[in-house]
Amino acid sequence: MSGKDRSKEEKLAEALRENLRRRKAQARDLRSAGPMPGADPGGDEQGED
């Protein structure tokens with residue numbers, strides 16, 4: 001593999017790691033914020049019989 005390809009691959013790997021870090025942090029923030037207003041805590045989509 002040439003140096004140019006390796007550099008491109010390393011940059012892509014770093015960008016993917018950074019994206020994963022941001023997504024994990026965002027998920028943590030959403031979990032700590034609690035349920036969304038109006039959200040059904042049961043999560044049951046079927047109507048009552």
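Note that these values count all heavy atoms, side chains included, but never hydrogens, waters or copies made by symmetry.
- Contacts of Glu14 classified as side-chain hydrogen bond (donor to acceptor under 3.5 Å, both in side chains), with partners at least two apart in sequence or in another chain: Arg17.
- Through chains of ILVMFWY side-chain contacts below 4.5 Å, Leu16 is grouped with Leu12.
- Among residues two or more places apart in sequence or in another chain, the side-chain hydrogen bond (donor to acceptor under 3.5 Å, both in side chains) test is passed with Arg22 by none.
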Is there a salt bridge (Lys or Arg N to Asp or Glu O under 4.0 Å) between Glu18 and Arg21 once you walk through the steps? CA-CA 5 Å; Glu18 181 60 31; Arg21 281 186 212 110; 2.8 Å; yes
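- With sequence neighbours excluded, no residue satisfies side-chain hydrogen bond (donor to acceptor under 3.5 Å, both in side chains) with Gln26.
- The backbone N or O of Lys4 lies less than 3.5 Å from no partner atom in the side chain of Ser7, so there is not a single donor-acceptor pair.
- Scanning for side-chain hydrogen bond (donor to acceptor under 3.5 Å, both in side chains) contacts around Arg28 gives an empty result, with sequence neighbours left out.
- Other residues, nucleotides and ligands contribute only 12 or fewer heavy atoms inside 6.0 Å of the CZ atom of Arg23.
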